[in-house]
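Following: one structure in structure tokens, then a few remarks.
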There are 2 protein chains.
Amino acid sequence: MKLTSKGRYAVMALVDLAKFNDINPVSLRDISLRQGISLDYLEQIFSKLRKKEIVQSVRGTQGGYVLNKKAKEIKLTNILDAVDEKVKTVQCKKELKKGCNGKATKCLTHNLWDELETHINNFFDKKSLEDLVQDNIERRV
Amino acid sequence: MKLTSKGRYAVMALVDLAKFNDINPVSLRDISLRQGISLDYLEQIFSKLRKKEIVQSVRGTQGGYVLNKKAKEIKLTNILDAVDEKVKTVQCKKELKKGCNGKATKCLTHNLWDELETHINNFFDKKSLEDLVQDNIERRV
DNA sequence: ATAAACCCGACTAAAATAGTCAAGTATCAT
DNA sequence: ATGATACTTGACTATTTTAGTCGGGTTTAT
Ligand code: FES
Ligand code: FES
């Protein structure tokens, strides 16, 4: 079970963005330099974040990205969903009655993975971008 | 974030095994048939489980595998560790002071992923094989 | 003896990941 | 106006991981 860089970068970049958000649009170039993430990769990531209305873009010189909602309203869930990093513990289609390997019934452990998924999503639903920025400021002091 | 089939299979197979454990050694062929998992793949998985002393093997005809500890004492953590499915939320070396991308300091989100890892491991530490077998019997009734 | 089972290592196809690259378009500062 | 800055889009690619397969063993009950 691992978290991919795409998801980690998305959150990292948004925390960075959120810190400067009130002043000016933040360019990906700046985030790239500060966080050490490839600019081209960041562009892919922000394209997804924009489509899911988590950020807004400002084109042209002095442009960049700004948050599209209040940091408090952006949950980890929203960010990870946007970049296709949803938690996935089973491979069977949930809505279908079929099991893992095309069997007629759900397998012995289906229920367990469902519980796990809920457990992890609870964590993601609770944490907002605001929390993360806050944590960060506190730690610095 | 996803769980791989290897991890899912390992747990599935052990739940199956645990149900028959008291009577006779259970052959992988049987597990393979009942659970619809490739026999060759199961062999790889059980080789790891044996090395981590979660199961014991009985060779020869009528052989198979038996649990090496009580079902109550085998936690999900132990199973997933054995098959190299540990939770991994960061890519930076934890013990080192260095950050994600070789930076001198830990990144903005390091602490968050640490929390997440703990959160998930709590779940894995709590659930024992016995719990899973029990859940299963209850559901059948 | 022979068949059932475990044991071991090497191999591989397919998918996912973590990017790179090229060619745009919009907008601001001067 | 014109350049520079920055977003936009889509295609491409190397590497790694996953989910197996395959071929040959060795052990042991019957
Ligand atoms: S995990 Fe859903 S049927 Fe196995
Ligand atoms: S996750 Fe550890 S430094 Fe980024």
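As the structure is a prediction and not an experimental result, all values here were calculated from the model. Letters A, B, ... are given to chains in the order of the sequence lines, protein chains preceding strands, and every chain is numbered from 1.
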Would you say [X] places a side-chain N or O within less than 4.0 Å of OP1 or OP2 belonging to [N]?
| X | N | answer |
| --- | --- | --- |
| Ser38(B) | dT21(D) | yes |
| Tyr41(A) | dC21(C) | no |
| Arg50(B) | dC8(C) | yes |
| Ser57(B) | dC7(C) | yes |
| Tyr9(B) | dG20(D) | yes |

Of the nucleotides [options], which has the atom closest to the [X] side chain?
| X | options | value |
| --- | --- | --- |
| Glu43(A) | dT8(D), dT27(C), dA19(D) | dT8(D) |
| Arg59(A) | dG19(C), dT8(D), dA5(C) | dT8(D) |
| Ser5(A) | dT27(C), dA6(D), dG19(C) | dG19(C) |

Between [atom2] of [N] and [atom1] of [X], the distance in whole Å:
| X | N | atom1 | atom2 | result |
| --- | --- | --- | --- | --- |
| Met1(B) | dT18(D) | CE | C1' | 17 Å |
| Gln62(B) | dT28(D) | CD | C1' | 11 Å |
| Ile45(B) | dC8(C) | CD1 | C1' | 16 Å |
| Gln56(B) | dT27(D) | CD | P | 18 Å |
| Asp84(B) | dT17(D) | CG | C1' | 12 Å |
| Lys2(B) | dT17(D) | NZ | P | 13 Å |
| Lys48(A) | dT8(D) | NZ | P | 15 Å |
| Lys88(A) | dA16(C) | NZ | C1' | 12 Å |

Next on the checklist: Classify the ring geometry of Phe46(A) against Tyr65(A): parallel below 30°, tilted from 30° to 60°, perpendicular beyond 60°.
Outcome noted: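 Phe46(A) vs Tyr65(A) ring planes: tilted.
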Next on the checklist: According to a hydrophobic-cluster definition based on side-chain heavy atoms being under 4.5 Å apart (Ile, Leu, Val, Met, Phe, Trp, Tyr only), do Ile137(B) and Ile74(B) belong together?
Outcome noted: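 Result: yes, single cluster for both.
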Checklist entry - Counting any heavy atom closer than 4.0 Å, what does Ser27(B) reach on the DNA or RNA strands: base, sugar-phosphate only, or nothing? => result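 Ser27(B): backbone/sugar contact only, no base atoms under 4.0 Å.
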Checklist entry - Checking all strands, does Phe46(A) fall into the base, sugar-phosphate, or nothing category for heavy-atom contacts under 4.0 angstrom? => result nothing
Item to check | Given DNA chain C, 5'-ward residue of the pair Gln91(B) and Leu39(B), judged by closest heavy atom | outcome: Leu39(B)
Checklist entry - So which one's nearest nucleotide on DNA chain C is more toward 5', Val26(B) or Gln44(A)? => result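 This one resolves to Val26(B).
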Item to check | N-O pairing of Glu115(B) and Lys127(A) below 4.0 Å | outcome: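 Answer for the salt bridge query: yes.
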Next on the checklist: Regarding Lys48(B) and Asp84(B), does a basic nitrogen lie under 4.0 Å from an acidic carboxylate oxygen?
Outcome noted: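 Looking at Lys48(B) and Asp84(B), the cut-off is met.
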Next on the checklist: For a quick check under 3.5 Å, do Gln35(A) and Asp16(A) share a side-chain donor-acceptor pair by atom type?
Outcome noted: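 Yes, a side-chain donor-acceptor pair sits under 3.5 Å.
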